[in-house]
Engineer: 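Just dropping this structure here.
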Amino acid sequence: MWKLLKIELFKIFRRPRTYIAFAAIAAIITLIQLAFYSDGEAFLQFGMQSLKETFDINGKIVNGYLVCYVILQTLLIHVPLLIALIAGDAVAGEANMGTLRLLLTKPVSRSQFMWTKFMATVIYTLLLLVFMAALALFLSVSIFGTSDLIILKSETIVILDRHDILWRYFGAFGFAAIAMTTVASLAFLLSVFAENSIGPIVATMSIVILFTILTTMDIPFFNAIKPFLFTNHMLNWKGFFEEPVNYREVLKSATILIGHIVFFVFTAIAIFKKKDILS
Amino acid sequence: MKTIQILFVIICTHSFPQFCFSQSEAALIKGVKNKLDKVNNYQADGVMTIDVSFIKVPPSAVKVYYKKPDKFNVKKDGGISILPKGSASVNLNSIISGENYTIVPAGNTVLENSTVRIIKLLPNDENSDVVVTSLYIDEKKLLIRKSVITTKESGTYEIEMAYGKYSEWGLPDKVIFIFNTKDYKLPKGVTFEYESGEKKPKTANSENKKGKVEIAYSSYIINKGVPDSYFK
(Lines give C-alpha, C1' and ligand atoms only; values in the text may rest on other atoms or scores of the structure.)
Protein backbone atom coordinates (compact mmCIF):
# COMPACT_ATOMS: atom_id res chain seq x y z
CA MET A 1 0.00 0.00 0.00
CA TRP A 2 2.79 2.42 1.00
CA LYS A 3 4.65 1.61 -2.24
CA LEU A 4 1.51 2.32 -4.28
CA LEU A 5 0.98 5.54 -2.38
CA LYS A 6 4.55 6.65 -3.10
CA ILE A 7 4.00 5.99 -6.80
CA GLU A 8 0.76 8.02 -6.76
CA LEU A 9 2.43 10.89 -4.92
CA PHE A 10 5.32 10.79 -7.37
CA LYS A 11 2.83 11.04 -10.25
CA ILE A 12 1.00 13.97 -8.63
CA PHE A 13 4.11 15.97 -7.81
CA ARG A 14 5.76 15.29 -11.16
CA ARG A 15 2.98 17.12 -13.00
CA PRO A 16 3.46 20.89 -13.43
CA ARG A 17 -0.26 21.52 -12.88
CA THR A 18 0.15 20.41 -9.25
CA TYR A 19 2.22 23.51 -8.57
CA ILE A 20 -0.35 25.88 -10.09
CA ALA A 21 -2.32 25.73 -6.84
CA PHE A 22 0.76 26.42 -4.69
CA ALA A 23 1.77 29.33 -6.95
CA ALA A 24 -1.77 30.76 -6.98
CA ILE A 25 -2.05 30.58 -3.19
CA ALA A 26 1.38 32.15 -2.70
CA ALA A 27 0.49 34.96 -5.13
CA ILE A 28 -2.89 35.74 -3.52
CA ILE A 29 -1.51 35.66 0.03
CA THR A 30 1.43 37.87 -0.89
CA LEU A 31 -0.88 40.37 -2.60
CA ILE A 32 -3.21 40.54 0.41
CA GLN A 33 -0.25 40.99 2.76
CA LEU A 34 1.17 43.72 0.51
CA ALA A 35 -2.22 45.47 0.40
CA PHE A 36 -2.50 45.37 4.20
CA TYR A 37 1.08 46.52 4.62
CA SER A 38 0.53 49.57 2.43
CA ASP A 39 -3.10 50.47 3.17
CA GLY A 40 -4.52 48.14 5.81
CA GLU A 41 -5.46 50.90 8.26
CA ALA A 42 -7.56 52.74 5.64
CA PHE A 43 -9.33 49.50 4.71
CA LEU A 44 -10.28 48.92 8.33
CA GLN A 45 -11.38 52.51 8.88
CA PHE A 46 -14.16 51.86 6.40
CA GLY A 47 -15.31 48.73 8.19
CA MET A 48 -15.16 50.37 11.61
CA GLN A 49 -16.84 53.66 10.68
CA SER A 50 -20.02 53.04 12.64
CA LEU A 51 -18.09 51.56 15.55
CA LYS A 52 -15.83 54.59 15.79
CA GLU A 53 -18.85 56.87 16.14
CA THR A 54 -19.40 55.43 19.61
CA PHE A 55 -15.99 54.08 20.63
CA ASP A 56 -12.34 55.03 20.75
CA ILE A 57 -10.20 52.07 19.77
CA ASN A 58 -6.58 51.88 20.85
CA GLY A 59 -4.00 49.30 19.84
CA LYS A 60 -2.54 47.48 16.89
CA ILE A 61 -5.64 46.56 14.90
CA VAL A 62 -3.76 45.51 11.75
CA ASN A 63 -1.73 42.54 12.95
CA GLY A 64 -0.73 39.10 11.72
CA TYR A 65 -3.78 37.37 13.18
CA LEU A 66 -6.19 39.76 11.45
CA VAL A 67 -4.38 39.46 8.11
CA CYS A 68 -4.51 35.67 8.39
CA TYR A 69 -8.25 35.80 9.13
CA VAL A 70 -8.89 37.97 6.06
CA ILE A 71 -6.78 35.61 3.93
CA LEU A 72 -8.72 32.58 5.14
CA GLN A 73 -12.04 34.31 4.47
CA THR A 74 -10.94 35.13 0.95
CA LEU A 75 -9.14 31.92 0.09
CA LEU A 76 -11.14 29.13 1.65
CA ILE A 77 -13.91 29.84 -0.85
CA HIS A 78 -11.53 29.45 -3.79
CA VAL A 79 -9.11 26.73 -2.69
CA PRO A 80 -11.68 23.99 -3.51
CA LEU A 81 -11.31 24.95 -7.16
CA LEU A 82 -7.57 24.35 -6.97
CA ILE A 83 -8.08 21.03 -5.22
CA ALA A 84 -10.45 19.90 -7.97
CA LEU A 85 -7.55 20.23 -10.44
CA ILE A 86 -5.80 17.24 -8.90
CA ALA A 87 -8.67 15.25 -7.40
CA GLY A 88 -10.69 15.36 -10.63
CA ASP A 89 -7.70 13.95 -12.47
CA ALA A 90 -7.16 11.01 -10.11
CA VAL A 91 -8.97 8.30 -12.09
CA ALA A 92 -10.05 10.16 -15.23
CA GLY A 93 -6.44 11.18 -15.90
CA GLU A 94 -5.39 7.52 -16.05
CA ALA A 95 -8.34 6.76 -18.36
CA ASN A 96 -7.39 9.70 -20.57
CA MET A 97 -3.79 8.51 -20.89
CA GLY A 98 -4.93 4.95 -21.49
CA THR A 99 -3.03 3.62 -18.47
CA LEU A 100 -6.04 2.59 -16.42
CA ARG A 101 -6.48 -0.84 -17.98
CA LEU A 102 -2.76 -1.43 -17.75
CA LEU A 103 -2.69 -0.53 -14.06
CA LEU A 104 -5.56 -2.86 -13.27
CA THR A 105 -3.74 -5.80 -14.82
CA LYS A 106 -1.31 -5.58 -11.86
CA PRO A 107 -2.01 -7.72 -8.77
CA VAL A 108 -3.74 -4.88 -6.94
CA SER A 109 -7.41 -4.96 -6.04
CA ARG A 110 -9.65 -2.23 -7.39
CA SER A 111 -10.48 -1.12 -3.83
CA GLN A 112 -6.80 -0.87 -2.96
CA PHE A 113 -6.17 1.05 -6.18
CA MET A 114 -8.97 3.52 -5.35
CA TRP A 115 -7.94 3.94 -1.69
CA THR A 116 -4.39 4.70 -2.75
CA LYS A 117 -5.59 7.27 -5.28
CA PHE A 118 -7.83 8.90 -2.68
CA MET A 119 -5.13 8.96 0.00
CA ALA A 120 -2.69 10.59 -2.43
CA THR A 121 -5.33 13.24 -3.19
CA VAL A 122 -5.88 13.83 0.54
CA ILE A 123 -2.12 14.20 1.12
CA TYR A 124 -1.96 16.76 -1.69
CA THR A 125 -4.91 18.64 -0.13
CA LEU A 126 -3.29 18.64 3.31
CA LEU A 127 0.04 19.82 1.92
CA LEU A 128 -1.74 22.67 0.17
CA LEU A 129 -3.38 23.67 3.47
CA VAL A 130 -0.11 23.42 5.40
CA PHE A 131 1.52 25.62 2.76
CA MET A 132 -1.37 28.06 3.06
CA ALA A 133 -1.18 28.05 6.87
CA ALA A 134 2.57 28.66 6.79
CA LEU A 135 2.19 31.67 4.51
CA ALA A 136 -1.08 33.07 5.84
CA LEU A 137 -0.42 32.64 9.54
CA PHE A 138 3.28 32.43 10.23
CA LEU A 139 4.47 34.81 7.51
CA SER A 140 1.73 37.34 8.40
CA VAL A 141 2.65 37.14 12.09
CA SER A 142 6.33 37.65 11.28
CA ILE A 143 5.53 40.69 9.09
CA PHE A 144 2.74 42.35 11.09
CA GLY A 145 3.37 41.04 14.61
CA THR A 146 0.64 39.92 17.01
CA SER A 147 -2.10 41.67 18.92
CA ASP A 148 -5.73 41.02 19.78
CA LEU A 149 -7.91 39.92 16.89
CA ILE A 150 -10.87 42.12 16.06
CA ILE A 151 -13.45 40.41 13.86
CA LEU A 152 -16.08 42.59 12.24
CA LYS A 153 -19.31 40.71 11.57
CA SER A 154 -22.47 42.13 10.10
CA GLU A 155 -24.20 42.53 13.47
CA THR A 156 -21.53 41.89 16.08
CA ILE A 157 -17.88 42.55 16.79
CA VAL A 158 -15.73 39.91 18.39
CA ILE A 159 -12.44 40.82 20.04
CA LEU A 160 -10.21 37.90 20.99
CA ASP A 161 -7.25 38.09 23.32
CA ARG A 162 -3.94 37.53 21.54
CA HIS A 163 -3.05 34.65 23.87
CA ASP A 164 -6.33 32.96 22.99
CA ILE A 165 -6.00 32.90 19.20
CA LEU A 166 -3.35 30.46 17.98
CA TRP A 167 -5.27 27.32 19.02
CA ARG A 168 -8.30 28.67 17.17
CA TYR A 169 -6.26 28.82 13.96
CA PHE A 170 -5.13 25.23 14.45
CA GLY A 171 -8.77 24.28 14.95
CA ALA A 172 -9.82 26.28 11.88
CA PHE A 173 -7.13 24.69 9.69
CA GLY A 174 -8.12 21.25 10.97
CA PHE A 175 -11.73 22.00 10.06
CA ALA A 176 -10.62 23.38 6.68
CA ALA A 177 -8.78 20.08 6.06
CA ILE A 178 -12.10 18.22 6.46
CA ALA A 179 -13.88 20.77 4.25
CA MET A 180 -11.28 20.58 1.49
CA THR A 181 -11.23 16.78 1.67
CA THR A 182 -14.98 16.88 1.03
CA VAL A 183 -14.37 18.73 -2.23
CA ALA A 184 -11.52 16.37 -3.10
CA SER A 185 -13.78 13.35 -2.53
CA LEU A 186 -16.53 14.88 -4.71
CA ALA A 187 -14.04 15.45 -7.55
CA PHE A 188 -12.71 11.93 -6.94
CA LEU A 189 -16.23 10.50 -7.32
CA LEU A 190 -16.90 12.45 -10.52
CA SER A 191 -13.51 11.35 -11.81
CA VAL A 192 -14.74 7.74 -11.88
CA PHE A 193 -17.41 8.57 -14.47
CA ALA A 194 -15.18 10.37 -16.96
CA GLU A 195 -12.62 9.36 -19.54
CA ASN A 196 -11.10 12.83 -19.50
CA SER A 197 -10.03 14.84 -16.44
CA ILE A 198 -11.50 18.14 -17.71
CA GLY A 199 -15.06 16.84 -17.17
CA PRO A 200 -14.80 16.08 -13.43
CA ILE A 201 -12.66 19.16 -12.77
CA VAL A 202 -15.20 21.49 -14.43
CA ALA A 203 -18.16 19.61 -12.90
CA THR A 204 -16.66 19.91 -9.38
CA MET A 205 -15.92 23.59 -9.91
CA SER A 206 -19.47 24.15 -11.17
CA ILE A 207 -21.04 22.40 -8.18
CA VAL A 208 -18.86 24.31 -5.72
CA ILE A 209 -19.56 27.65 -7.46
CA LEU A 210 -23.32 27.00 -7.68
CA PHE A 211 -23.59 25.88 -4.05
CA THR A 212 -21.43 28.80 -2.89
CA ILE A 213 -23.67 31.28 -4.73
CA LEU A 214 -26.73 29.69 -3.15
CA THR A 215 -25.00 29.91 0.23
CA THR A 216 -24.17 33.58 -0.31
CA MET A 217 -27.60 34.74 -1.47
CA ASP A 218 -29.80 35.95 1.36
CA ILE A 219 -33.15 34.96 -0.18
CA PRO A 220 -35.74 33.19 2.01
CA PHE A 221 -36.41 30.51 -0.65
CA PHE A 222 -32.74 29.52 -0.71
CA ASN A 223 -32.41 29.76 3.07
CA ALA A 224 -34.54 26.63 3.37
CA ILE A 225 -32.07 24.53 1.39
CA LYS A 226 -28.86 26.02 2.79
CA PRO A 227 -28.50 23.58 5.70
CA PHE A 228 -28.33 20.77 3.10
CA LEU A 229 -25.49 22.30 1.06
CA PHE A 230 -22.05 21.07 2.03
CA THR A 231 -20.56 24.44 1.00
CA ASN A 232 -22.60 26.02 3.79
CA HIS A 233 -20.98 23.74 6.37
CA MET A 234 -17.53 24.33 4.88
CA LEU A 235 -17.71 27.90 6.22
CA ASN A 236 -18.06 26.81 9.82
CA TRP A 237 -14.32 27.03 10.44
CA LYS A 238 -15.37 30.50 11.56
CA GLY A 239 -17.05 28.88 14.55
CA PHE A 240 -13.60 28.71 16.17
CA PHE A 241 -13.55 32.51 16.19
CA GLU A 242 -16.77 32.89 18.14
CA GLU A 243 -16.66 33.81 21.82
CA PRO A 244 -17.48 31.34 23.26
CA VAL A 245 -16.87 28.71 20.57
CA ASN A 246 -20.09 27.02 19.52
CA TYR A 247 -18.63 23.50 19.56
CA ARG A 248 -22.03 21.94 18.90
CA GLU A 249 -22.40 23.79 15.61
CA VAL A 250 -18.77 23.18 14.57
CA LEU A 251 -19.00 19.45 15.38
CA LYS A 252 -22.33 19.19 13.57
CA SER A 253 -20.83 20.71 10.42
CA ALA A 254 -17.68 18.58 10.69
CA THR A 255 -19.82 15.44 11.06
CA ILE A 256 -21.93 16.36 8.03
CA LEU A 257 -18.78 16.95 5.97
CA ILE A 258 -17.23 13.66 7.07
CA GLY A 259 -20.53 12.00 6.14
CA HIS A 260 -20.19 13.52 2.65
CA ILE A 261 -16.59 12.26 2.37
CA VAL A 262 -17.59 8.73 3.36
CA PHE A 263 -20.53 8.77 0.93
CA PHE A 264 -18.51 10.14 -2.01
CA VAL A 265 -15.52 7.82 -1.51
CA PHE A 266 -17.49 4.63 -0.90
CA THR A 267 -19.79 5.41 -3.85
CA ALA A 268 -16.74 6.04 -6.04
CA ILE A 269 -15.16 2.72 -4.98
CA ALA A 270 -18.45 0.80 -5.38
CA ILE A 271 -19.00 2.21 -8.88
CA PHE A 272 -15.38 1.66 -9.89
CA LYS A 273 -15.44 -1.94 -8.73
CA LYS A 274 -18.36 -2.67 -11.06
CA LYS A 275 -17.17 -0.48 -13.90
CA ASP A 276 -16.30 -1.93 -17.26
CA ILE A 277 -12.85 -0.48 -17.90
CA LEU A 278 -12.52 0.20 -21.62
CA SER A 279 -9.71 2.75 -21.67
CA MET B 1 -32.18 90.26 69.86
CA LYS B 2 -32.61 86.52 69.39
CA THR B 3 -35.94 87.11 67.62
CA ILE B 4 -34.22 89.49 65.20
CA GLN B 5 -31.54 86.88 64.44
CA ILE B 6 -34.15 84.20 63.71
CA LEU B 7 -36.10 86.62 61.52
CA PHE B 8 -32.92 87.46 59.61
CA VAL B 9 -32.23 83.79 58.90
CA ILE B 10 -35.83 83.18 57.74
CA ILE B 11 -35.85 86.25 55.46
CA CYS B 12 -32.44 85.32 54.08
CA THR B 13 -33.31 81.71 53.25
CA HIS B 14 -36.60 82.65 51.61
CA SER B 15 -35.39 85.68 49.68
CA PHE B 16 -31.97 84.44 48.55
CA PRO B 17 -32.07 80.65 48.75
CA GLN B 18 -29.36 80.17 46.12
CA PHE B 19 -27.00 82.46 47.93
CA CYS B 20 -27.59 80.79 51.25
CA PHE B 21 -27.13 77.21 49.97
CA SER B 22 -24.53 77.81 47.29
CA GLN B 23 -21.96 78.64 49.95
CA SER B 24 -22.14 75.21 51.52
CA GLU B 25 -22.48 73.35 48.18
CA ALA B 26 -19.51 75.27 46.81
CA ALA B 27 -17.55 74.38 49.92
CA LEU B 28 -18.39 70.74 49.42
CA ILE B 29 -17.31 70.83 45.78
CA LYS B 30 -14.15 72.62 46.87
CA GLY B 31 -13.48 69.93 49.44
CA VAL B 32 -13.86 67.19 46.82
CA LYS B 33 -11.75 69.15 44.40
CA ASN B 34 -8.99 69.66 46.98
CA LYS B 35 -8.95 65.91 47.56
CA LEU B 36 -8.72 65.16 43.86
CA ASP B 37 -6.12 67.89 43.43
CA LYS B 38 -3.68 65.86 45.52
CA VAL B 39 -3.40 63.59 42.49
CA ASN B 40 -1.30 65.13 39.75
CA ASN B 41 -1.00 61.93 37.77
CA TYR B 42 -1.46 58.25 38.20
CA GLN B 43 -0.89 54.94 36.52
CA ALA B 44 -3.28 52.18 37.51
CA ASP B 45 -3.67 48.49 36.83
CA GLY B 46 -7.14 47.11 36.41
CA VAL B 47 -9.44 44.68 34.71
CA MET B 48 -11.85 46.08 32.16
CA THR B 49 -15.18 44.37 31.38
CA ILE B 50 -17.27 45.56 28.46
CA ASP B 51 -20.97 44.82 28.28
CA VAL B 52 -22.36 46.06 24.97
CA SER B 53 -25.01 44.06 23.11
CA PHE B 54 -23.06 43.88 19.82
CA ILE B 55 -19.52 43.53 21.19
CA LYS B 56 -18.16 40.22 22.42
CA VAL B 57 -14.93 40.77 24.28
CA PRO B 58 -13.50 38.92 27.28
CA PRO B 59 -12.48 40.87 30.41
CA SER B 60 -8.95 42.12 29.96
CA ALA B 61 -6.12 43.52 32.05
CA VAL B 62 -5.58 47.21 31.28
CA LYS B 63 -3.41 50.09 32.36
CA VAL B 64 -5.11 53.41 33.03
CA TYR B 65 -3.16 56.66 32.80
CA TYR B 66 -4.17 60.08 34.07
CA LYS B 67 -2.36 63.39 34.06
CA LYS B 68 -3.61 66.80 35.13
CA PRO B 69 -5.66 68.55 33.99
CA ASP B 70 -7.60 66.24 31.68
CA LYS B 71 -5.34 63.63 30.06
CA PHE B 72 -6.80 60.17 30.43
CA ASN B 73 -6.11 56.95 28.56
CA VAL B 74 -6.79 53.24 28.89
CA LYS B 75 -4.36 50.85 27.24
CA LYS B 76 -4.22 47.11 26.98
CA ASP B 77 -0.63 45.92 26.98
CA GLY B 78 0.04 44.51 23.51
CA GLY B 79 -3.66 44.36 22.70
CA ILE B 80 -6.69 46.35 21.65
CA SER B 81 -8.64 48.47 24.13
CA ILE B 82 -12.05 49.84 23.36
CA LEU B 83 -13.63 52.72 25.26
CA PRO B 84 -16.82 54.71 24.82
CA LYS B 85 -16.16 57.90 22.92
CA GLY B 86 -15.89 60.95 25.14
CA SER B 87 -15.29 58.93 28.28
CA ALA B 88 -11.84 60.46 28.55
CA SER B 89 -13.31 63.96 28.70
CA VAL B 90 -15.84 63.08 31.36
CA ASN B 91 -13.47 61.79 34.02
CA LEU B 92 -14.13 63.39 37.40
CA ASN B 93 -10.95 65.38 37.69
CA SER B 94 -11.64 67.18 34.43
CA ILE B 95 -15.30 67.80 35.30
CA ILE B 96 -14.63 69.76 38.45
CA SER B 97 -11.16 70.99 37.63
CA GLY B 98 -12.31 74.37 36.33
CA GLU B 99 -14.62 76.80 38.05
CA ASN B 100 -16.61 77.82 35.03
CA TYR B 101 -19.90 76.36 36.21
CA THR B 102 -22.89 77.23 38.35
CA ILE B 103 -23.55 75.05 41.37
CA VAL B 104 -27.16 74.08 42.00
CA PRO B 105 -28.17 72.02 45.03
CA ALA B 106 -30.64 69.21 44.32
CA GLY B 107 -31.26 67.64 47.71
CA ASN B 108 -30.18 64.35 49.23
CA THR B 109 -30.66 60.71 48.35
CA VAL B 110 -29.52 57.31 49.56
CA LEU B 111 -26.95 55.29 47.59
CA GLU B 112 -26.01 51.87 48.89
CA ASN B 113 -27.23 52.61 52.41
CA SER B 114 -25.43 55.92 52.73
CA THR B 115 -26.90 59.38 52.33
CA VAL B 116 -25.37 61.46 49.59
CA ARG B 117 -25.91 65.02 48.47
CA ILE B 118 -26.89 65.74 44.91
CA ILE B 119 -25.24 68.74 43.33
CA LYS B 120 -25.78 69.83 39.75
CA LEU B 121 -23.12 71.67 37.83
CA LEU B 122 -24.29 73.86 34.96
CA PRO B 123 -21.51 74.99 32.64
CA ASN B 124 -21.35 78.76 32.13
CA ASP B 125 -19.81 78.30 28.70
CA GLU B 126 -22.66 78.03 26.17
CA ASN B 127 -20.43 76.12 23.76
CA SER B 128 -19.65 73.41 26.29
CA ASP B 129 -20.60 69.91 25.14
CA VAL B 130 -21.68 69.07 28.68
CA VAL B 131 -25.21 70.33 29.39
CA VAL B 132 -25.48 69.36 33.03
CA THR B 133 -23.55 67.23 35.49
CA SER B 134 -25.19 65.71 38.55
CA LEU B 135 -22.81 64.70 41.30
CA TYR B 136 -23.80 62.41 44.15
CA ILE B 137 -21.34 63.25 46.89
CA ASP B 138 -20.62 61.47 50.14
CA GLU B 139 -20.30 64.54 52.34
CA LYS B 140 -18.46 62.89 55.20
CA LYS B 141 -15.75 61.26 53.11
CA LEU B 142 -15.70 63.90 50.36
CA LEU B 143 -16.09 61.25 47.67
CA ILE B 144 -18.15 61.33 44.49
CA ARG B 145 -20.21 58.14 44.52
CA LYS B 146 -21.98 58.69 41.24
CA SER B 147 -22.20 61.22 38.47
CA VAL B 148 -24.64 61.64 35.62
CA ILE B 149 -23.36 63.74 32.74
CA THR B 150 -25.66 64.89 29.97
CA THR B 151 -23.92 66.00 26.79
CA LYS B 152 -25.16 67.60 23.57
CA GLU B 153 -23.46 65.14 21.22
CA SER B 154 -23.28 61.77 22.95
CA GLY B 155 -26.34 61.61 25.20
CA THR B 156 -26.08 60.77 28.87
CA TYR B 157 -23.19 59.10 30.65
CA GLU B 158 -23.52 57.61 34.08
CA ILE B 159 -20.49 56.86 36.23
CA GLU B 160 -20.76 54.86 39.45
CA MET B 161 -17.81 54.52 41.77
CA ALA B 162 -16.92 52.25 44.65
CA TYR B 163 -14.05 53.21 46.95
CA GLY B 164 -11.59 51.24 49.01
CA LYS B 165 -7.95 51.62 49.94
CA TYR B 166 -7.33 54.65 47.70
CA SER B 167 -10.30 56.69 48.98
CA GLU B 168 -8.02 59.20 50.73
CA TRP B 169 -6.87 60.24 47.23
CA GLY B 170 -10.42 60.25 45.91
CA LEU B 171 -9.56 57.38 43.58
CA PRO B 172 -12.06 54.56 43.14
CA ASP B 173 -11.46 50.80 43.33
CA LYS B 174 -14.20 50.23 40.79
CA VAL B 175 -15.79 52.42 38.15
CA ILE B 176 -18.89 51.51 36.18
CA PHE B 177 -19.44 53.61 33.11
CA ILE B 178 -22.90 53.47 31.51
CA PHE B 179 -23.43 55.12 28.13
CA ASN B 180 -25.70 55.22 25.10
CA THR B 181 -24.82 53.04 22.12
CA LYS B 182 -25.82 53.39 18.50
CA ASP B 183 -26.84 50.64 16.09
CA TYR B 184 -24.05 48.59 14.56
CA LYS B 185 -24.57 46.94 11.21
CA LEU B 186 -22.25 46.14 8.32
CA PRO B 187 -23.20 44.74 4.90
CA LYS B 188 -22.48 41.00 4.67
CA GLY B 189 -20.48 41.65 1.50
CA VAL B 190 -18.00 43.72 3.48
CA THR B 191 -17.61 41.15 6.26
CA PHE B 192 -17.52 38.12 3.91
CA GLU B 193 -20.33 36.62 5.96
CA TYR B 194 -22.80 34.15 4.60
CA GLU B 195 -26.28 33.20 5.70
CA SER B 196 -26.52 29.71 7.14
CA GLY B 197 -30.27 29.57 6.64
CA GLU B 198 -30.88 29.28 10.36
CA LYS B 199 -32.76 31.98 12.21
CA LYS B 200 -30.60 33.57 14.86
CA PRO B 201 -32.40 33.97 18.18
CA LYS B 202 -32.59 37.52 19.46
CA THR B 203 -30.57 37.95 22.61
CA ALA B 204 -32.17 39.51 25.64
CA ASN B 205 -30.10 42.65 25.41
CA SER B 206 -29.99 43.00 21.62
CA GLU B 207 -32.53 45.82 21.84
CA ASN B 208 -30.69 47.43 24.72
CA LYS B 209 -29.21 50.73 23.65
CA LYS B 210 -27.15 51.12 26.82
CA GLY B 211 -23.59 49.94 27.10
CA LYS B 212 -21.58 49.35 30.24
CA VAL B 213 -17.84 49.40 30.85
CA GLU B 214 -16.50 48.39 34.23
CA ILE B 215 -12.93 48.90 35.39
CA ALA B 216 -11.89 47.20 38.62
CA TYR B 217 -8.62 48.73 39.78
CA SER B 218 -6.09 46.61 41.62
CA SER B 219 -3.37 49.18 42.23
CA TYR B 220 -2.44 52.80 41.62
CA ILE B 221 0.95 54.44 41.27
CA ILE B 222 0.19 58.03 42.27
CA ASN B 223 2.22 61.15 41.49
CA LYS B 224 5.24 59.28 40.17
CA GLY B 225 4.96 60.90 36.73
CA VAL B 226 3.34 59.70 33.51
CA PRO B 227 5.00 60.57 30.15
CA ASP B 228 2.88 62.49 27.61
CA SER B 229 3.56 59.74 25.06
CA TYR B 230 1.16 57.48 27.00
CA PHE B 231 -1.76 59.65 25.93
CA LYS B 232 -1.18 59.41 22.18
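These figures come from a predicted structure and were not determined experimentally. Naming convention: chains lettered A, B, ... in sequence-line order (proteins, then strands); numbering from 1 in each chain.
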Engineer: For B/K224, does the NZ atom have more than 12 heavy-atom neighbours from other residues, nucleotides or ligands under 6.0 Å away?
Structural biologist: no
Engineer: Verify the neighbour count for atom NZ of B/K174: are there more than 12 heavy atoms of other residues, nucleotides or ligands below 6.0 Å?
Structural biologist: no
Engineer: A/F55 vs B/L83, test: side-chain contact (heavy atoms from CB on, under 4.5 Å). Steps then yes/no.
Structural biologist: CA-CA 5 Å; A/F55 295 95; B/L83 263 192; 5.9 Å; no
Engineer: With a cut-off of 6.0 Å (strictly less than), are more than 12 heavy atoms of other residues, nucleotides or ligands near NZ of B/K35?
Structural biologist: yes
Engineer: Using a cut-off of under 4.5 Å for heavy-atom pairs, which of A/I151, A/I150, A/T156 has the most such pairs with chain B?
Structural biologist: A/T156
Engineer: Between A/D148 (side chain only) and B/I80 (backbone N and O only), is there a donor and an acceptor less than 3.5 Å apart?
Structural biologist: yes
Engineer: Measure the spacing between CZ of A/R162 and OG of B/S60 and express it to the nearest 0.5 Å.
Structural biologist: 10.5 Å
Engineer: Please name the residue in the list A/I57, A/N58, A/D56 that meets the side-chain contact (heavy atoms from CB on, under 4.5 Å) test with B/I82.
Structural biologist: A/I57
Engineer: Take atom CG in B/D77; do more than 12 heavy atoms of anything else shown fall under 6.0 Å from it?
Structural biologist: no
Engineer: Would you say that more than 12 heavy atoms from the other residues, nucleotides or ligands in this model lie under 6.0 Å from the NZ of B/K75, or not?
Structural biologist: yes
Engineer: Under the 3.5 angstrom rule, does the side chain of A/S147 hit a backbone N or O of B/G78 as a donor-acceptor pair?
Structural biologist: yes
Engineer: So which heavy atom on B/K56 is nearest to which on A/E243, and how close?
Structural biologist: CD-O, 3.5 Å
